[in-house]
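Just so it is clear, the structure is predicted and the values come from calculations on it, not from any experiment. Heavy atoms only: backbone and side chains are in, while hydrogens, waters and symmetry mates are out. Each residue takes its place number in the sequence, starting with 1.
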Amino acid sequence: MRALLVTVSAFVVLIGSASALGLDDINRPSKPDSKPHVSPKDGCSACSTTTAWSYISSTPSLSAVAGLIKAIGLDAALMGPFTGTLVLPTNEAVGAYVSQFKGNVTAYPDIFNSFLTKLLNYHFILRSAPAWQLSTVYLSTRYLNSWTTFPHTVTFVVDPSVSKRAPGDWQWSRKNMKNRPMPSVFEVTHIIDEQGNEVTFASKDNFVAGGGVIHSVNAVLGASDIYPSHNASAAGIPELQALQALISTVSAGLGFDFLPLLEDQPGTLVAPTSEAFATLQGIFASLNITPTTNQLYTALSYHVCPALGDDPKYLLYFPFTKNKKYNPCKTFIERMPGLLFSNTPTGLLTPQELA
């Protein structure tokens with residue numbers, strides 16, 4: 001069984017079998033960067049006295065992402081010396097991403113701001129990473145995997161045929177290498193995110209006060225667990241395709257579209273994998289049973305847990321409180337208690353299994 005955690009705009013999707021969430025089966029991101037690297041010093045010849053926020057807020061092509069940064073209060077952290085890297089989507093890239101939102105994001109500002117914070121933290125690389133690197137490299141971001149606590153990563157891909165000597169006022173990341181001459185570095189041609197998208201640069205190496213750097217890119221980067229809509233997550237995650245097919249079947253049978261309910265209602269969707277659906281269909285076939293549309297709707301509703309009071313703290317990816325053994329979930333079925341999420345490796349339980 002494979003279990004994933006996916007943030008879909010204002011909805012969380014948990015993928016696994018209908019019986020448990022195995023933490024050992026999660027596709028874990030890489031550990032933080034450990035290889036030596038070179039980067040600009042504070043006050044390098046190419047660096048500017050302009051702060052990161054001053055650069056962002058004064059660059060017309062970044063006005064959309066500047067508004068998002070300000071909306072979640074990240075601008076204050078960028079007003080002083082900056083030593084990391086920001087990979088910021090252009091206005092056109094932000095517009096293309098926002099067009100995929102299906103839910104009413106303005107109705108749930110706290111939920112949406114939580115989503116934006118995760119999304120933007122994935123565009124914040126922890127160290128200064130110019131578009132010239134020693135080799136193709138995985139770089140850690142500020143966005144942490146909530147299950148593993150490892151950083152999510154992006155990949156800077158170099159062209160080994162295009163090189164130059166690193167500037168003399170750059171520095172090695174390890175102090176014991178500080179006396180070594182600057183090596184040859186290779187041009188970074190594009191970035192690959194965790195969803196496998198190859199993202200090109202709109203501009204590179206905009207150095208700011210503190211030795212940090214800002215790149216602008218032509219698409220929003222996608223972490224392995226962040227998607228703008230359920231359709232986008234189904235397209236990117238094979239395990240969700242059977243669930244998407246079930247939603248279409250139920251919608252057609254009942255004469256209304258079930259998907260907008262999921263898009264508009266903050267909460268958690270416990271998504272059985274395609275393998276789990278195949279097993280269930282095999283059982284039905286062996287018993288010569290054809291479920292009715294209403295039965296399928298009931299089963300689907302049992303896997304949906306709306307966030308109580310539309311409060312982000314009730315989304316089930318949030319940490320468990322130390323004094324409680326289970327994180328309760330009230331499903332779409334009249335919002336009666338139906339599922340309990342355990343903070344132990346046993347994962348997801350039903351009331352019957354607790355008896």
Side-chain angles (χ1 to χ4, degrees), residues 1-22 25-27 96-105 108 111 115 118-119 193-197 220 222-285 289-307 315-317 329 331-333 338-339 347-348:
M1 179 196 70
R2 186 183 179 197
L4 298 174
L5 183 70
V6 182
T7 306
V8 182
S9 189
F11 217 102
V12 174
V13 180
L14 295 166
I15 306 174
S17 75
S19 60
L21 293 172
D25 297 331
I26 293 174
N27 183 18
Y97 192 82
V98 169
S99 69
Q100 299 180 68
F101 290 157
K102 303 302 179 184
N104 182 3
V105 296
Y108 310 104
I111 297 279
F115 173 82
K118 293 175 174 59
L119 183 66
D193 62 25
E194 288 182 334
Q195 295 178 20
N197 302 308
V220 173
S224 60
D225 58 0
I226 300 180
Y227 291 86
S229 69
H230 283 283
N231 283 334
S233 64
I237 305 174
E239 291 93 332
L240 277 177
Q241 292 173 3
L243 174 68
Q244 203 77 349
L246 175 62
I247 292 173
S248 297
T249 298
V250 168
S251 298
L254 295 180
F256 76 94
D257 194 351
F258 188 81
L259 190 58
L261 293 179
L262 299 181
E263 300 284 9
D264 284 335
Q265 173 65 62
T268 301
L269 172 62
V270 183
T273 62
S274 297
E275 180 182 359
F277 275 112
T279 300
L280 183 62
Q281 290 169 350
I283 294 172
F284 286 152
I289 295 174
T290 301
T292 66
T293 300
N294 284 333
Q295 289 172 329
L296 292 175
Y297 172 75
T298 300
L300 183 59
S301 298
Y302 187 63
H303 289 74
V304 180
C305 304
L315 295 175
L316 297 184
Y317 57 69
C329 159
T331 71
F332 255 175
I333 305 177
L339 301 173
L348 174 64

For A234, all residues meeting side-chain contact (heavy atoms from CB on, under 4.5 Å), sequence neighbours excluded: L240, Q244
Return yes if some donor-acceptor pair links the side-chain N/O of E263 with the main-chain N/O of S229 below 3.5 Å, else return no. no
With rounding to the nearest 0.5 Å, note down the distance linking CD1 in I237 to CG in D225. 8.5 Å
Where do F284 and P291 come nearest, in terms of heavy atoms and distance? CE1-CG, 3.3 Å
For P272 and A276, the nearest pair of non-hydrogen atoms, with its separation, is CB-CB, 4.0 Å
Taking side-chain hydrogen bond (donor to acceptor under 3.5 Å, both in side chains) as the test, write out the residues that go with Q195, two or more places apart. none
How close do L296 and T249 get, counting heavy atoms only, and between which atoms? CD1-CG2, 4.3 Å
Going by ring pair (Phe, Tyr, Trp, His ring centres under 6.0 Å), name the residues that satisfy it together with Y97, two or more places apart in sequence or in a different chain. F101
How far apart are the closest heavy atoms of Q100 and P228, and which atoms are they? OE1-CG, 3.5 Å
In sequence, state the C-alpha distance, the side-chain angles, and the governing distance for N231 and L259, and then conclude on side-chain contact (heavy atoms from CB on, under 4.5 Å). CA-CA 9 Å; N231 283 334; L259 190 58; 3.6 Å; yes
I283 and I289: CA distance, side-chain angles, deciding distance, side-chain contact (heavy atoms from CB on, under 4.5 Å) verdict: CA-CA 8 Å; I283 294 172; I289 295 174; over 6 Å; no
Kindly compute the distance separating OH (Y297) from CG (L254), expressed to the nearest 0.5 Å. 7.5 Å
Taken in chain and number order and not counting sequence neighbours, the residues that satisfy side-chain contact (heavy atoms from CB on, under 4.5 Å) with Q281 are none
How close do S274 and P238 get, heavy atom to heavy atom, and via which atoms? OG-O, 3.3 Å
What pairs with N294 under side-chain hydrogen bond (donor to acceptor under 3.5 Å, both in side chains), at least two apart in sequence or on another chain? none
I'd like to check the side-chain contact (heavy atoms from CB on, under 4.5 Å) partners of S251; sequence neighbours left out, ordered by chain and number. I247, D257, F258
